[in-house]
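Each remark here refers to the structure printed beneath this line.
We count residues from 1, following the sequence as given.
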Amino acid sequence: MKTSTQGLSRRQLLQSASLTVAFSLAPLAPSSAQAPARPVLPGSLNSNRMLDGWLRINANGSVTMFTGKIELGQGILTALTQIVADELDVDLKRLEVISGNTALTPNEGVTSGSLSIQDSGTALRFACAEARGLLLQAAAAKLAVPVSDLSVSDGRITAAGGATSSYWELTSDALLQREATAKTAPKPSSQHRLIGQSLKRRDIPAKVTGGVAYVQDMRLPNMVYGRVVRPSAPRAKLVSVDEAAIKGMPGVLAVVRDGNFLAVAAQREEQAIAAALALQTSARWQEPGDLPPSGAALFAYMKKQRATDTVVSDKKDAAAAAIPVARTLEVEYTRPYQAHASIGPSCAVAQWNDDKLQVWCHSQGVFPLRGDLAKALRIPPANITVAHREGSGCYGHNGADDVALDAALLARALPGVPVKLQWMREDEFRWEPLGSPMVIKLKASLDAAGRVIDWNHELWSYTHSTRPYDPDGVNLLAAWHLQNPLPAGPSRNIAQPSGGSDRNAIPLYVFPQQKVSNHLLQDMPIRTSALRTLGAYANVFALESFMDELAQAAGTDPVEFRLRHLSDPRARAVLERTASMAQWQPAPLSGQPQATGGVLKGRGLGFAKYKNLAVYCAVIVDVAVDTRAGTIRVERAWSAVDAGLVINPDGLRNQIEGGIVQSTSWTLHEAMKNDSHRKLTRHWGDYPILRFPEVPVLQVELINRPDERPLGVGEGSQGPTVAAIANAFNQATGRRLRDLPLTPQRVKQALA
């Protein structure tokens with residue numbers, strides 16, 4: 001990805017460089033002195049309203065596209081270029097992309113929640129449509145013809161009579177230095193050339209040819225290498241360390257100790273690793289031993305902790321309440337602490353020049369990160385530039401933000417020298433924020449006809465977002481370890497309709513009576529934050545597993561039972577298409593499953609509309625359960641998906657397929673372990689993940705709706721997949737597993 005500033009006006013550079021992060025969990029109350037509210041603009045245009053903040057038409061025949069969203073393996077920059085090229089009528093080869101740079105790009109917060117196409121894509125569609133209209137008006141004036149007589153091909157404008165001009169002849173700094181109006185409609189789908197095509201990804205070539213693809217690959221002149229030494233346990237205090245001995249080791253340039261923060265820089269990476277190990281060996285810590293219990297005891301512990309209690313949804317119906325109850329079921333599901341387990345440990349490069357700091361890192365939110373760096377380092381945000389460089393693996397809040405502050409603190413001891421600081425594997429497992437454990441209790445009543453007449457969903461969870469930039473704290477790990485520490489932000493829940501711990505807890509199914517309650521735990525003994533889908537993975541697991549349990553109680557096929565309770569035609573279409581793909585045979589569970597060679601076969605279904613706002617996705621899987629080994633193998637998976645207008649079909653399928661694979665790994669293998677003092681998971685041997693031979697055969701079909709707005713996709717298949725696997729196990733064995741992950745030990749216990 002290029003980061004050239006060619007074509008940027010001086011005004012734009014200065015304006016962008018002085019941006020500060022504005023973050024709030026609720027809108028500010030309007031002042032009586034404020035001007036009347038401006039019209040709401042679509043997508044991220046509403047908070048980044050200048051056209052030249054999104055687009056530059058350069059006199060050299062190129063187009064520069066700016067986006068605050070970043071590439072983290074989801075193919076988003078490719079999809080956004082398709083939107084820009086289509087709306088402007090230019091060739092993709094002309095496009096230069098600048099993304100995630102606090103000095104240059106719009107502030108679009110965090111790349112998360114499957115919102116990039118919805119927010120940034122929508123903004124770029126309208127900005128480009130308006131820019132094209134302005135260029136055509138300029139061409140019409142120059143050629144003395146009506147705009148309706150003009151056509152565009154790759155930036156060349158041609159009048160009906162043959163006279164021509166081009167974007168490059170008509171462009172000027174002033175042309176786009178204006179606020180967007182969003183009054184120019186984007187092109188209809190019938191005029192798209194690139195939208196809807198599976199174009200090659202921009203980010204793939206360097207990744208498969210050994211090029212510079214990741215921040216871990218960065219090499220700057222005179223760069224040195226750093227490592228950080230973390231406390232032995234959360235909230236441990238540093239009693240003593242032999243700094244002098246480490247300073248005398250080969251290649252060591254600096255040892256930084258600030259309170260409980262320890263780091264070392266050296267000329268070569270292996271020297272930095274050796275020095276960090278020596279620091280770790282000599283350090284003596286005082287540990288509080290205050291971590292929660294692990295395993296099954298954790299969930300009873302969670303239900304007794306201090307919580308903020310919220311009723312998320314409450315629906316009553318007098319007529320339904322009067323219907324006699326034929327049967328009531330009440331069950332509980334759990335999910336453990338889970339890690340991001342990024343293949344490449346977190347890494348950042350930092351350099352101080354005078355009082356200015358430049359950071360390159362794989363943060364998913366460069367502007368929020370800049371805000372927390374400014375607070376932690378006690379310097380103005382305008383003195384910090386954060387530029388995104390892709391990291392090798394993460395969907396969610398791992399150590400990418402934390403390592404940026406680590407690198408900045410170490411680089412401050414070596415002014416003018418770029419310092420690359422990378423975490424070790426055990427740093428990543430022990431110190432990245434984890435996906436929160438969850439306890440979900442469900443209760444439902446059926447009438448005599450087998451319809452749900454009352455539904456109750458109650459959940460306990462820690463927070464699912466401690467990202468930077470919280471107004472009441474600093475959410476960077478090293479900031480809590482300094483001699484003058486800064487407090488972390490308090491536990492919060494993302495408000496509905498998106499939701500955090502209660503994401504997808506509100507059923508899309510139509511139940512006449514329902515109540516959804518959320519107990520957000522306030523004390524966080526182990527740090528938790530955003531892991532892909534937040535609470536949706538566990539909520540859909542519970543909800544969709546329970547739908548199968550209710551279908552069995554009603555003596556009804558699981559697909560038919562869901563359709564009976566769905567009114568949304570797009571949801572019904574996705575379910576029906578997936579069932580057709582898998583050649584689903586309607587039949588309730590009956591009889592005792594028979595093993596062939598110790599292997600039981602089963603099929604299961606899961607469905608969700610992600611956040612009840614984004615992609616519709618259903619998943620059906622076939623599993624084989626080895627009764628002797630206690631293992632579950634997912635052999636095949638089918639999925640139909642409705643994401644509205646499809647921008648890049650291959651990219652969309654990749655996201656659904658990747659979500660199925662990731663969810664299969666979470667579901668069958670992944671759980672963090674701890675004792676009362678520290679996390680026990682340190683390396684891959686402690687934390688198995690799905691291996692290549694275990695990946696199922698995948699088939700994904702897209703229901704393209706070109707006249708609908710595009711919907712977020714990246715987190716749509718994880719919830720349906722876990723439910724489908726659990727339901728398939730039940731169909732194969734007649735036994736129900738309600739605690740994740742579905743390990744051999746749990747399988748054997750269920751079958752005993």
Exercise for the section: Step by step, work out the side chain to side chain donor-acceptor pair (under 3.5 Å) result for S120 and E108. Expected result: CA-CA 8 Å; S120 200; E108 294 190 82; 2.9 Å; yes

Exercise for the section: Look only at the side chain of K375 and the backbone of L486, and say whether a donor-acceptor pair between them is shorter than 3.5 Å. Expected result: no

Handout entry: Considering all heavy atoms, the nearest V386-L369 contact
Key = CG1-CD2, 3.9 Å

Practice task
Indicate the atoms forming the closest heavy-atom contact of A213 with E390, along with that distance.
Solution key: O-CB, 3.8 Å

Exercise for the section: May I ask you to decide if the ring planes of H519 and W460 are parallel, tilted or perpendicular, using 30° and 60° as cut-offs? Expected result: parallel

Exercise for the section: Using distance alone, with no hydrogens and no angle criterion, decide if T334 and R738 have a side-chain donor and acceptor under 3.5 Å apart. Expected result: no

Handout entry: Between CZ on residue F261 and CZ on residue R230, distance to nearest 0.5 Å
Key = 6.5 Å

Practice task
Any chance you could lay out the side-chain contact (heavy atoms from CB on, under 4.5 Å) test for F541 and I440, step after step, and finish with the verdict?
Solution key: CA-CA 10 Å; F541 161 59; I440 300 166; over 6 Å; no

Handout entry: Main-chain N/O of T111 paired with Q364 side-chain donor or acceptor, under 3.5 Å
Key = yes

Problem - Over all atoms of both residues, closest heavy-atom pair of I526 and L291 - result: CG1-CD2, 4.0 Å

Handout entry: D406 side-chain N/O to L409 backbone N/O, donor-acceptor pair under 3.5 Å
Key = no

Practice task
Using a 4.5 Å cut-off on heavy atoms from C-beta on, say whether the side chain of T466 contacts that of M524.
Solution key: yes

Exercise for the section: Please indicate whether R219 has more than 12 foreign heavy atoms, meaning atoms of other residues, nucleotides or ligands, lying under 6.0 Å from its CZ. Expected result: yes

Problem - Student check: side-chain heavy atoms of T533 and Y610 closer than 4.5 Å - result: yes

Exercise for the section: Verify the distance criterion only: is there a donor paired with an acceptor across the side chains of E287 and S232 at less than 3.5 Å? Expected result: yes

Completion exercise
dist S465:OG -> L534:CG (nearest 0.5 Å) comes out at 7.0 Å

Exercise for the section: Could you pull out all residues at least two apart from R335 that satisfy salt bridge (charged side-chain N to carboxylate O under 4.0 Å, His left out)? Expected result: none

Exercise for the section: Compare all side-chain heavy atoms of M672 with those of Y687 and state whether any distance is below 4.5 angstrom. Expected result: yes

Completion exercise
Shortest non-hydrogen pair, G473 vs D372, comes out as O-OD1, 4.0 Å

Exercise for the section: Inspect the surroundings of CG in D354 and state if more than 12 heavy atoms from other residues, nucleotides or ligands are less than 6.0 Å away. Expected result: no

Exercise for the section: Give a yes or no answer on whether the side chain of S114 reaches the backbone of G714 with a donor-acceptor pair at less than 3.5 Å. Expected result: yes

Handout entry: Sidechain-backbone polar pair: D472 side chain, P490 backbone, donor-acceptor under 3.5 Å
Key = no

Handout entry: Distance, nearest 0.5 Å, that separates OG of S663 from CD1 of I725
Key = 5.5 Å

Handout entry: E670 and S665 side chains, donor-acceptor separation under 3.5 Å
Key = yes

Handout entry: Non-hydrogen side-chain atoms of L531 and H340 separated by less than 4.5 Å
Key = yes

Practice task
Using atom types as modelled and distance alone, determine if a side-chain donor or acceptor of Q496 lies under 3.5 Å from a backbone N or O of D502.
Solution key: yes

Fill in the blank from the handout: For P292 and N674, the nearest pair of non-hydrogen atoms, with its separation, is O-ND2, 2.9 Å

Practice task
Report yes or no: does E71 contribute a side-chain atom to a donor-acceptor pair with the main-chain N or O of I76 at less than 3.5 Å?
Solution key: yes

Exercise for the section: Give a yes or no on whether N222 atom CG has more than 12 heavy-atom contacts from other residues, nucleotides or ligands under 6.0 Å away. Expected result: no

Exercise for the section: Starting from the C-alpha separation in whole Å, work towards a yes-or-no answer on side-chain contact (heavy atoms from CB on, under 4.5 Å) for K303 and E332. Expected result: CA-CA 12 Å; K303 290 197 285 186; E332 187 172 285; 2.8 Å; yes

Practice task
Establish, from distance only, whether the side-chain atoms of T310 and N518 form a donor-acceptor pair under 3.5 Å.
Solution key: no

Fill in the blank from the handout: In this structure, OG of S116 is separated from CD1 of I70 (nearest 0.5 Å) by 7.5 Å

Practice task
Say whether, by atom type as modelled, one donor and one acceptor occur between the side chain of E243 and the main chain of V255 under 3.5 angstrom.
Solution key: no

Practice task
Find out whether L298 and V439 are in side-chain contact, i.e. whether some heavy atom of one side chain is under 4.5 Å from a heavy atom of the other.
Solution key: no

Problem - Any H464 side-chain heavy atom under 4.5 Å of I494 side chain - result: no

Practice task
Using a 4.5 Å cut-off on heavy atoms from C-beta on, say whether the side chain of P345 contacts that of Q422.
Solution key: yes

Exercise for the section: Answer yes or no: are there more than 12 heavy-atom neighbours, outside Q286 itself, under 6.0 Å from its atom CD? Expected result: no

Problem - From W352 atom CH2 to I379 atom CD1, the distance as rounded to the nearest 0.5 Å - result: 4.0 Å

Exercise for the section: Only pairs at least two apart or in different chains count here, so list each side-chain hydrogen bond (donor to acceptor under 3.5 Å, both in side chains) that has a residue in residues 289-302. Expected result: R235-D290

Handout entry: Heavy-atom donor-acceptor pair, K69 side chain to V110 backbone, under 3.5 Å
Key = yes

Problem - Residue pair T667 / Y537, side-chain donor-acceptor N/O under 3.5 Å - result: yes

Exercise for the section: Starting at NE2 of H683, measure out to CG of D686 and round the result to the nearest 0.5 Å. Expected result: 4.0 Å

Problem - Ring centers of W684, F429 separated by less than 6.0 Å - result: yes

Exercise for the section: Using only heavy-atom distances, determine whether the side chains of D523 and Q305 contain a donor-acceptor pair under 3.5 Å. Expected result: no

Practice task
Step by step, work out the side-chain contact (heavy atoms from CB on, under 4.5 Å) result for M424 and Q280.
Solution key: CA-CA 13 Å; M424 303 295 284; Q280 191 173 54; over 6 Å; no

Practice task
Kindly give the heavy-atom pair with the smallest separation between Q483 and P485, and that separation in Å.
Solution key: O-CD, 3.1 Å

Problem - N260 side chain near W480 side chain, heavy-atom distance below 4.5 Å - result: no

Exercise for the section: Answer yes or no: is there an ion pair linking D402 with R527, defined by an N-O contact shorter than 4.0 Å? Expected result: yes

Exercise for the section: Could you tell me whether a side-chain N or O of T463 sits under 3.5 Å from a main-chain N or O of R492, the two making a donor and an acceptor? Expected result: yes

Problem - Step-by-step side-chain contact (heavy atoms from CB on, under 4.5 Å) determination, N101 to V366 - result: CA-CA 7 Å; N101 187 311; V366 293; over 6 Å; no

Handout entry: Listed once per pair and sorted, the salt bridge (Lys or Arg N to Asp or Glu O under 4.0 Å) pairs that draw on residues 407-432, sequence neighbours left out
Key = E426-R682

